[in-house]
Novice: 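One structure follows; several queries about it will come next.
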Amino acid sequence: MLNKALNFANQWALQKVSRDWIDYIASNTMTDFNRWFNDFIWTYDLKAIVTAIETQADGVRTIHLLPNQHWKTYQAGQFVELVLEIDGQSHHRYYSLSPMTAKGTFSITVKKQADGVVSSYLTEQLQVGQSVKLNLPQGDFAYKQQQKLLFICAGSGITPCYSIISDLLAQNKSVDLAIYAQFSKQKDVIFANSLNQQWPAQGVSVEVAFTQETDSQHWLLTAENLLVQYPDLLEGDVYLCGPTGFMDNMINALVAANFNLAKLHCERFVTVDSEDTGKLDFNVVQPSIYFKHLNQHIQLTTEDEGKSLLQIARQYGINLESGCQKGMCGTCKLTLKEGKIAGNQLGNAVYLCTSYPDSARIVLDA
Ligand SMILES: Cc1cc2nc3c(=O)[nH]c(=O)nc-3n(C[C@H](O)[C@H](O)[C@H](O)COP(=O)(O)OP(=O)(O)OC[C@H]3O[C@@H](n4cnc5c(N)ncnc54)[C@H](O)[C@@H]3O)c2cc1C
Ligand code: FES
């Protein structure tokens, strides 16, 4: 009863009072009692209350969240890190954010993974009224003022694409938008209403495809038909997100179509495991790295062998942005201007957290 009342009061306050005021009041009255009594407002942590939960598709839930006063701004396409205690263990997982509503809420859409600890909890156990801990939004999978965008996604990979498209449509931006969304079956379609009705009515070119339906109306995107289905592909940017095999096939198809990989934006939901840490023998050649955008130069030693470019940069006091540190989110991405690296590279884009020096001189830029 008390919890329900507190919950109601917290939601009311966050929707009626400015977050800056709540922050001012809470930080000036931060007593042990207040923290114990209401640890949603009297806290230094970013938290959010679950305000609603809806079923999107088979095993997929959209969870609506109202964040507390520590919430800051974000860009459509970015993700948040959720920190959850499940059976006494702390788990950190990332989820793409939907655009913020007028009521100050946003949502995440979670697909249950077989044996997945956190996705099972979020899709089966989480209840309205519970609060969850978050970290601030991050990620580079966002709109960059282009004129023509093609989103290629599969399964839950639609979530960041949904966020960017919804945001651009809400802003009435005149951008040429197309999406190819692939699912296993009809029952797996996420954001069906947007894909089937809303977006086509708003001028978005939408193609939904199924890998496990025998349905002659829909085609699957392949290297062979990519340029046939999207003849003006080379004129725009491509945003790609989905399972590893799907993404690898699409990247190969784009390469075969001579697509400029500088215009390809990728987000992966699973760790990129690269065993290739380079062939350079640091006892013979100790490479130098120049971070052009920061005008910082570092000379490596044998101690740096086997370390990722991100670890090396940090060690030499160069503070670079990073997120997942597992090659998924793209936050650490820089452009290779000179030299060679091993590991996680896509065109000239180097994912510093999972790539390694592989030539005597390396130049990286923003
Ligand atoms: C930047 C980013 C954004 C993300 N956004 C979303 C989102 O909007 N919606 C969403 O549902 N998920 C999203 N994810 C994936 C999410 O963070 C979790 O990895 C996912 O929910 C599985 O967590 P789990 O604890 O249930 O699985 P775990 O217990 O960690 O893993 C269980 C098994 O599932 C496999 N697995 C884990 N994730 C996936 C996956 N995505 N596809 C296939 N196999 C997988 C693991 O390799 C393992 O074998 C995102 C990930 C990243 C890095
Ligand atoms: S890809 Fe996420 S930090 Fe490098």
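Just so you know, ligand 1 is whichever comes first in the structure, and atom 1 is the first atom listed for that ligand.
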Novice: If I take atom CD from residue Glu303 and atom CD from residue Gln286, how far apart are they, to the nearest 0.5 angstrom?
Specialist: 10.0 Å
Novice: Please list the nearest protein heavy atom to atom 26 (O) of ligand 1 with its residue and the distance rounded to 0.1 Å.
Specialist: Ser119 OG, 2.5 Å
Novice: From the options Phe79, Tyr94, Tyr95, Phe141, select the one whose nearest heavy atom is closest to atom 20 (C) of ligand 1.
Specialist: Tyr95
Novice: Are Phe269 and Thr159 packed together at the side-chain level, in the sense that at least one heavy-atom pair is separated by less than 4.5 angstrom?
Specialist: yes
Novice: Centres of the Phe141 and Tyr239 rings: under 6.0 Å?
Specialist: yes
Novice: To the nearest 0.5 Å, what is the distance between SG (Cys266) and CE (Met250)?
Specialist: 12.0 Å
Novice: If the cut-off is 2.8 Å, does any N/O/S atom of Cys329 fall short of it from atom 2 (Fe) of ligand 2?
Specialist: yes
Novice: Judged on heavy-atom distance to atom 38 (N) of ligand 1, which of Asp115, Val270, Thr271 sits nearest?
Specialist: Val270
Novice: I'd like to know if atom 2 (Fe) of ligand 2 has an N/O/S atom from Cys353 within less than 2.8 Å of it, counting both backbone and side-chain atoms.
Specialist: no
Novice: Which of these, Arg93, Lys326, Glu267, has its nearest heavy atom closest to atom 28 (P) of ligand 1?
Specialist: Arg93
Novice: Among all protein heavy atoms, pick the one closest to atom 22 (C) of ligand 1 and tell me residue, atom and distance.
Specialist: Gln113 CG, 3.7 Å
Novice: What protein heavy atom sits nearest atom 31 (O) of ligand 1, and how far off is it?
Specialist: Gly116 CA, 4.3 Å
